[in-house]
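No experiment lies behind these values; they were computed from the predicted model shown. In listed order, ligands and their atoms are each counted from 1.
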Amino acid sequence: MFKDKKVVFSGVQPSGVLTIGNYLGAIKNFKTFSDEYYCLYCVVNEHAITVRQNPAELRKRTYETLALYMACGLDPEKNTLFVQSHVPAHTELGWILDCYTMFGELSRMTQFKDKSAKNADNINAGLFTYPSLMAADILLYQTELVPVGVDQKQHLELTRNIAERFNQVYGETFVVPEGYIPQTTAKIMSLSEPTKKMSKSDENENAVVRILDSKDAIIRKFKRAVTDSGNEIRRGEGKDGIMNLMSIYGAFTGKTEEEIEREFDGKGYGDFKMAVGEACADALAPVQAEFTRLAADKAYLESVMEKGADEASRLAARTMSKVRRKLGFVELGRK
Ligand code: TRP
């Protein structure tokens with residue numbers, strides 16, 4: 001669509017320090033699209049305020065999330081990297097799409113139910129309408145493909161429904177996007193409760209491996225990972241912990257499950273956990289080094305933000321003028 005390329009869009013919230021789940025399930029794959037697609041990757045700080053944030057922390061994490069995008073291999077010359085609040089069209093379209101999103105649809109969102117249970121004292125309207133802002137992020141750029149973790153599948157379905165509904169009423173306005181959800185590593189589970197998703201806001205630090213954790217911390221967390229009372233490194237019933245470690249190991253080394261089972265045949269859980277820890281720490285080391293270098297250079301990060309905001313705003317403006325015209329909003333000719 002833009003520059004004759006199809007568009008990829010994804011977003012990461014600048015809340016909490018990102019985990020290897022965010023890395024393997026989403027960010028690591030982002031750079032694979034840069035040649036073929038026009039890629040926009042956004043730091044979604046407006047989504048982050050649906051739960052209470054400390055302003056200084058939020059500001060710091062905004063820089064850090066951008067630095068992390070780049071440390072994970074996203075070149076700002078080849079991708080549009082930007083911050084959501086720098087492009088006001090997101091909230092403008094968000095409001096409009098609120099009016100084409102049904103109360104019943106939003107009520108069914110599992111992320112809303114989970115987050116309201118966790119933040120019982122702050123179940124605000126933004127938390128409820130979060131998915132229509134996410135739809136706005138995506139539809140604003142005529143996005144074809146949205147790489148996300150499997151937990152965002154429901155929000156993507158809703159985005160498609162909103163786009164289709166709007167197109168039905170007003171004629172073709174939005175591209176109806178597809179999700180891109182990697183099959184094998186889309187869901188990394190908690191190391192303490194391997195039937196639960198690894199979450200960056202987990203209060204138990206041992207459950208979560210973060211992209212910026214030191215090698216010592218990574219090895220220690222894998223050593224403590226909850227497994228089962230057996231001793232074989234294999235897939236099977238009741239072996240959620242081992243299977244989670246296998247998928248993490250596979251994601252970092254490129255090995256298949258069969259290869260991993262063969263490699264650790266006859267070895268114990270201790271050896272395996274150590275190998276997973278080493279593989280993870282080694283794979284993250286270059287990302288961490290690059291992150292540290294970039295995060296120290298605020299002026300450079302701000303120049304990337306500015307360039308990204310300019311590019312994104314230009315593209316967003318095209319969709320917005322189409323939307324306003326279709327809705328019957330009066331547009332003034334003056335510049
Ligand atoms: N909701 C996503 C998450 O919590 C973040 C997000 C916001 C997003 N807007 C998006 C992801 C648009 C993809 C596309 O992870």
Side-chain angles (χ1 to χ4, degrees), residues 6-30 33 37-51 53 58 61-62 65-66 68-69 72 74 79-87 89-91 93-94 97-98 101 106 109-116 118-119 126-160 162-163 174-182 186-188 197-202 211 308 312 315-316 319:
K6 291 183 175 178
V7 176
V8 161
F9 184 99
S10 196
V12 170
Q13 292 196 45
S15 57
V17 185
L18 296 175
T19 72
I20 57 168
N22 303 120
Y23 179 69
L24 296 172
I27 304 178
K28 180 170 174 267
N29 305 311
F30 287 178
F33 300 103
Y37 292 86
Y38 186 96
C39 297
L40 297 119
Y41 296 116
C42 185
V43 180
V44 291
N45 57 347
E46 288 164 341
H47 279 93
I49 62 165
T50 53
V51 300
Q53 299 289 335
L58 181 63
R61 294 227 161 103
T62 302
T65 308
L66 187 77
L68 200 59
Y69 271 156
C72 291
L74 295 177
N79 302 273
T80 293
L81 307 180
F82 73 109
V83 177
Q84 191 179 27
S85 64
H86 292 156
V87 182
H90 287 253
T91 45
L93 185 61
L97 297 184
D98 273 344
T101 309
L106 292 171
M109 295 293 117
T110 51
Q111 185 168 313
F112 172 69
K113 292 185 215 165
D114 291 350
K115 287 201 178 178
S116 0
K118 267 194 216 152
N119 302 280
L127 192 65
F128 189 63
T129 60
Y130 177 114
S132 39
L133 180 59
M134 176 162 162
D137 299 340
I138 297 168
L139 301 181
L140 198 45
Y141 301 101
Q142 307 296 347
T143 303
E144 303 261 346
L145 206 60
V146 187
V148 278
V150 69
D151 62 311
Q152 295 301 311
K153 202 171 163 192
Q154 203 184 21
H155 289 160
L156 266 180
E157 281 304 315
L158 181 56
T159 300
R160 291 170 55 86
I162 297 170
F174 299 120
V175 168
V176 180
E178 298 281 342
Y180 177 89
I181 298 171
K187 202 162 186 183
I188 300 295
K197 185 191 139 187
M198 183 181 284
S199 159
K200 62 185 169 204
S201 53
D202 201 314
I211 303 182
L315 301 178
T319 301

Interfacing atoms of ligand 1 (cut-off 4.0 Å, heavy-atom, Phe9): 12 (C), 14 (C)

Out of Tyr130, Tyr141, Tyr41, indicate the one that has the non-hydrogen atom closest to atom 4 (O) of ligand 1. Tyr130

Indicate the ring-plane relationship of Tyr69 and Phe30, choosing parallel, tilted or perpendicular according to the 30° and 60° boundaries. tilted

Does any N or O of ligand 1 fall below 3.5 Å from an N or O anywhere on Asp137, backbone included? yes

For Ile49, does the CD1 atom have more than 12 heavy-atom neighbours from other residues, nucleotides or ligands under 6.0 Å away? no

One finds that the ligand 1 atoms under 4.0 Å from a non-hydrogen atom of Gln13 are 4 (O)

Going by the order shown, which atoms of ligand 1 are within less than 4.0 Å of some heavy atom of Val148? 11 (C), 13 (C)

Does any N or O atom in Gln152 lie less than 3.5 angstrom from one in ligand 1, N or O only? yes

Nearest to atom 5 (C) of ligand 1, what protein heavy atom do you find, and at what distance? Gly11 O, 3.6 Å

Minimum heavy-atom separation for Ile138 to Pro177, with atom names? CG2-CG, 3.8 Å

Heavy-atom pairs closer than 4.0 Å: do any link ligand 1 to the side chain of Val146, the backbone, both, or neither? side chain

Distance under 4.0 Å to a non-hydrogen atom of Val44: what atoms of ligand 1 satisfy this? 7 (C), 9 (N)

Proximal ligand 1 atoms for Ser10, defined as those under 4.0 Å from one of its heavy atoms: 13 (C), 14 (C)

Report the residue from Thr91, Asp137, Thr62 that forms a side-chain hydrogen bond (donor to acceptor under 3.5 Å, both in side chains) with Gln84. Asp137

Where does the angle between the aromatic ring planes of Tyr141 and Phe82 fall among parallel (under 30°), tilted (30 to 60°) and perpendicular (over 60°)? perpendicular

Distance, nearest 0.5 Å, that separates CD of Gln111 from CD of Gln154: 9.0 Å

For this output row, return yes or no: ring centroids of His155 and Phe112 closer than 6.0 angstrom. no

Of Leu18, Ile20, Leu24, the residue whose pairing with Asn22 passes side-chain contact (heavy atoms from CB on, under 4.5 Å): Leu18

Under 4.0 Å, heavy atoms only, figure out whether ligand 1 is touched by the backbone of Ile138, its side chain, both or neither. side chain

